[in-house]
Amino acid sequence: MNWRRFSLFCIAATCQLLALAQITESSELNCTVEINSQKVPNANKDVFNTLKEAVSEYMNTTKWTDAVFNLNERIQCKLFLTIATYDDSSGKMTGDLQIQSERPVYNSSYMTTIINFKDSKVEFVYNAGDPLVFSEVEMMDNLTAILNFYAYLIIALDFDTFAEHGGDPYFEKCANIVRLAQSSGETGWKAFEDTKNRSAVLSAYTESSTAAIRDVFYNYHRMGLDQMSVSVDKGRATITKSLELLKKVYDAAPMSVCLSMFKDAKLDELVNVYSKANTTEKESVYETLYPLWPAEQTRLNNIKKEATN
């Protein structure tokens with residue numbers, strides 16, 4: 001046996017295991033990043049490829065929490081960045097960012113959507129090779145501030161689906177990011193600037209008048225979807241009851257962004273959840289949801305349809 005080769009093999013294997021352990025301990029997110037630069041056809045595409053790699057590495061290697069995640073427990077999420085304008089002399093980019101996240105339903109292969117939201121006020125400066133540096137105590141730049149905010153929002157809402165207000169520490173992180181960013185003058189952070197900007201998103205989940213949306217997340221997912229493997233009827237009944245809390249949010253703030261975020265994440269799923277429900281339950285859910293989203297009557301009507309085998 002070549003002991004030198006064997007020793008080198010052992011060293012390499014140990015390094016791989018250590019690297020795997022580091023990834024396991026430091027990565028809460030399994031984030032797919034896509035960048036669409038078709039609106040700036042004459043730009044050098046290398047900068048967008050570099051940006052994609054930088055954002056992907058940043059999201060997937062930053063240690064966001066003190067929690068320990070195994071590789072198979074990482075939160076599945078996606079970022080779709082569409083570049084609308086790009087100034088190659090300054091590196092300034094504008095566009096919109098679609099944020100999606102999902103989590104598995106207990107004892108099934110089904111993945112349920114938690115976030116499906118488009119931020120249309122994304123502006124930042126990036127030049128190929130610029131390092132993305134994480135900091136909790138200062139705003140390094142607008143790009144990392146945006147990434148930090150949505151990373152913690154993804155984590156906060158994911159934790160909320162497993163424990164009542166389990167996302168509290170991460171909403172606090174979001175709040176700190178907003179506070180730091182509001183003094184920067186960058187677009188998308190100012191209070192009352194926009195009903196769907198990052199400040200408004202934070203307020204929707206943390207202000208007492210609309211925070212019931214977080215109770216919806218817990219009851220809908222942990223006590224509803226996760227229980228359907230044991231009893232479909234009981235799990236669905238819990239979901240029905242949880243949806244009634246949406247009215248409380250609507251009464252307090254009918255234009256709250258959290259209502260549209262819930263709709264965009266859940267409306268199609270609700271059609272499937274109630275496909276086998278009885279007529280009374282279907283009608284009840286329709287009557288609960290229609291006042292919230294009257295423009296979605298066509299999709300809401302699908303909830304009332306009789307199942308076809």
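Everything numeric in this text was worked out from a predicted model, so none of it was measured.
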Do V125 and N142 make a side-chain contact, defined as non-hydrogen atoms from C-beta onward lying under 4.5 Å apart? no
Please tell me whether N116 and Q98 have a donor and an acceptor in their side chains that are separated by less than 3.5 angstrom. yes
In sequence, state the C-alpha distance, the side-chain angles, and the governing distance for Y286 and N301, and then conclude on side chain to side chain contact (heavy atoms under 4.5 Å, CB included). CA-CA 8 Å; Y286 177 87; N301 283 339; 3.5 Å; yes
So does L180 get a backbone contact from the side chain of S184, meaning a donor-acceptor N/O pair under 3.5 Å? no
Kindly determine whether K52 and N49 satisfy side-chain hydrogen bond (donor to acceptor under 3.5 Å, both in side chains), including the steps that lead there. CA-CA 5 Å; K52 176 181 175 179; N49 293 331; over 6 Å; no
Heavy-atom side-chain proximity of E28 to D158 below 4.5 angstrom: no
Close side-chain approach of K173 and I155, heavy atoms under 4.5 Å: no
Step by step, work out the side chain to side chain contact (heavy atoms under 4.5 Å, CB included) result for D141 and D130. CA-CA 11 Å; D141 54 70; D130 283 353; over 6 Å; no
In the single-linkage hydrophobic clustering (I, L, V, M, F, W, Y; side-chain heavy atoms under 4.5 Å), do M140 and Y152 co-cluster? no
Expected output: side-chain Q76 to main-chain R74 donor-acceptor under 3.5 Å: yes
Starting from the C-alpha separation in whole Å, work towards a yes-or-no answer on side chain to side chain contact (heavy atoms under 4.5 Å, CB included) for F48 and M93. CA-CA 10 Å; F48 303 121; M93 303 184 192; 3.9 Å; yes
So L259 and L246, do their side chains get closer than 4.5 Å, heavy atoms only? yes
What about Y218 and I213, same hydrophobic cluster or not, with Ile/Leu/Val/Met/Phe/Trp/Tyr joined at side-chain heavy-atom distances under 4.5 Å? no
Hey, does the side chain of E164 reach the backbone of D215 with a donor-acceptor pair shorter than 3.5 angstrom? no
Considering non-hydrogen atoms only, spot the tightest contact between G188 and E193 and give its length. N-OE1, 3.1 Å
Can you name the closest pair of heavy atoms from V216 and S242 and give their distance? CG2-O, 3.6 Å
What heavy-atom pair brings L153 and C174 nearest, and what distance separates the two atoms? N-SG, 3.5 Å
Carboxylate-amine/guanidinium proximity below 4.0 Å for D160 and R214: yes
Is D251 salt-bridged to K248, cutoff N-O under 4.0 Å? no
With distance as the sole test, does N70 use its side chain to make a donor-acceptor pair with the main-chain N or O of N72 at under 3.5 Å? no
Derivation and outcome, side chain to side chain contact (heavy atoms under 4.5 Å, CB included), residues Y106 and V230: CA-CA 10 Å; Y106 177 72; V230 178; 5.5 Å; no
Interatomic spacing from CG in L267 to CZ in R299 - rounded to 0.5 Å: 4.0 Å
Pair listing, ring-ring contact (aromatic ring centres under 6.0 Å, His included) test, anchored in residues 109-141, at least two apart: W64-F134
According to salt bridge (Lys or Arg N to Asp or Glu O under 4.0 Å), does anything in residues 196-210 pair up with another residue at least two apart or in another chain? List the pairs. D119-R198
Using atom types as modelled and distance alone, determine if a side-chain donor or acceptor of S203 lies under 3.5 Å from a backbone N or O of A200. no
Just how far is it from atom OG of S101 to atom CG of L79, taken to the nearest 0.5 Å? 10.0 Å
Between A277 and K282, what is the shortest heavy-atom contact and its length? O-CE, 3.1 Å
Strictly distance-based, threshold 3.5 Å: is any side-chain N or O of S231 a donor or acceptor partner for the main-chain N or O of M228? no
Are the side chain of T210 and the backbone N or O of A204 linked by a donor-acceptor pair below 3.5 Å? yes
Does K45, at its NZ atom, have more than 12 non-hydrogen atoms belonging to other residues, nucleotides or ligands within less than 6.0 Å? yes
Between F262 and V249, is there a side-chain heavy-atom distance shorter than 4.5 Å? no
Should E269 and K266 count as an ion pair when the cut-off is N to O under 4.0 Å? yes
Flag side-chain contact, heavy atom, 4.5 Å: L243 against Y220: yes
Nearest 0.5 Å, please: how far is OG in S256 from OH in Y250? 12.0 Å
Should the ring pair Y205 and F171 be called parallel, tilted or perpendicular, given that the plane angle runs from 0 to 90° and is split at 30 and 60? parallel
Between S56 and E53 (side chain of the first, backbone of the second, donor and acceptor by atom type, cut-off under 3.5 Å), is there such a pair? no
Return the CD to CD1 distance between E102 and I114, rounded to the nearest 0.5 Å. 8.5 Å
Which heavy atom of L29 sits nearest to which heavy atom of N60, and what is that distance? O-OD1, 3.0 Å
Euclidean distance, N272 CG relative to D268 CG, rounded to 0.5 Å: 7.5 Å
With hydrophobic residues grouped by side-chain heavy-atom distances under 4.5 Å, do V271 and V232 end up in a single group? yes
Tell me, do S199 and W189 make a side-chain contact under 4.5 Å, heavy atoms counted? no
Enter the distance from I83:CD1 to Q38:CD here, rounded to the nearest 0.5 Å. 12.0 Å
Report yes if the side chains of N36 and F80 come closer than 4.5 Å at any heavy-atom pair, otherwise no. no
Between T240 and E281, a side-chain donor and acceptor under 3.5 Å: yes
Any luck finding a side-chain donor-acceptor pair between S89 and D87 under 3.5 Å? yes
Within 6.0 Å of CD in E73, more than 12 heavy atoms from elsewhere: yes
Using atom types as modelled and distance alone, determine if a side-chain donor or acceptor of T288 lies under 3.5 Å from a backbone N or O of S284. yes
When you check the side-chain N and O atoms of Y58 and N148, is any donor under 3.5 Å from an acceptor? yes
Please name the pair of heavy atoms, one in L225 and one in V105, separated by the smallest distance, quoted to 0.1 Å. O-CG1, 3.4 Å
